[in-house]
Colleague: 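I'd like to ask some things about the structure below.
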Amino acid sequence: HEYVEAKEYYEKIIALDPNDDMAHASLANVLHKLGDDAGAEKHHETAINLDPEYAPHHFNYANTLYDLGRKDEALVGYKKAYELDNTLDEAKQMIEKLGSHNE
């Protein structure tokens, strides 16, 4: 299965360089696809901690939270992503979509 192979690939990269935030983000996305949401969350958070100014890390984590039905937390992530990079139209669309639920 391609996701399993990807998971092993990113785990190897992280073993060699635990501070590779892109590898953590990629692993998080793969784990989410494999249904390991706790693992996904951990690696999303690691990626964000390693590079908190990188908008896509916040955006990817928000997508995972959104998938899990954790919309309030997702909204925080989308807002942070958009704050860091206002060219992220997808983040803006999600903020508008989620914002309208709270009224």
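These numbers come from a predicted model, not from an experiment.
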Colleague: Given side chains that start at C-beta, do those of His32 and Leu68 come closer than 4.5 Å, heavy atoms only?
Modeller: yes

Colleague: Looking at every heavy atom in both Leu50 and Pro18, which two are closest together, and how far apart are they?
Modeller: CD1-O, 3.8 Å

Colleague: Output, in order, the C-alpha distance, side-chain angles, deciding distance and verdict of salt bridge (charged side-chain N to carboxylate O under 4.0 Å, His left out) for Lys79 and Glu83.
Modeller: CA-CA 6 Å; Lys79 283 180 173 169; Glu83 195 181 297; over 6 Å; no

Colleague: Please enumerate all residues that pass ring pair (Phe, Tyr, Trp, His ring centres under 6.0 Å) together with His43, with sequence neighbours excluded.
Modeller: His24

Colleague: Look at Glu8 together with Lys12 and state whether they make a salt bridge at an N to O cut-off of under 4.0 Å.
Modeller: no

Colleague: With the side chain counted from C-beta on, respond yes when Glu41 and Thr64 share a heavy-atom pair under 4.5 Å apart, and no when they do not.
Modeller: no

Colleague: What heavy-atom pair brings His58 and Pro52 nearest, and what distance separates the two atoms?
Modeller: NE2-O, 2.8 Å

Colleague: If the condition is side-chain hydrogen bond (donor to acceptor under 3.5 Å, both in side chains), which residues does Lys80 pass it with, not counting sequence neighbours?
Modeller: none

Colleague: Can you list the other members of the hydrophobic cluster that holds Leu84, where links are side-chain heavy atoms under 4.5 angstrom apart?
Modeller: none

Colleague: Donor-acceptor pair, Asn86 side chain versus Tyr82 backbone, under 3.5 Å?
Modeller: no

Colleague: Looking at Lys33 and Glu2, is there a salt bridge between them, counting it only when a charged N and a carboxylate O are closer than 4.0 Å?
Modeller: no

Colleague: If the condition is ring pair (Phe, Tyr, Trp, His ring centres under 6.0 Å), which residues does Phe59 pass it with, not counting sequence neighbours?
Modeller: Tyr78

Colleague: What residues form a ring pair (Phe, Tyr, Trp, His ring centres under 6.0 Å) with Tyr3, not counting sequence neighbours?
Modeller: His1

Colleague: Answer yes or no: is there an ion pair linking Lys7 with Glu11, defined by an N-O contact shorter than 4.0 Å?
Modeller: yes

Colleague: Does Asp51 have any side-chain contact (heavy atoms from CB on, under 4.5 Å) partners at least two apart in sequence or in another chain, and if so, which?
Modeller: Asp21, Glu53, Tyr54, His57

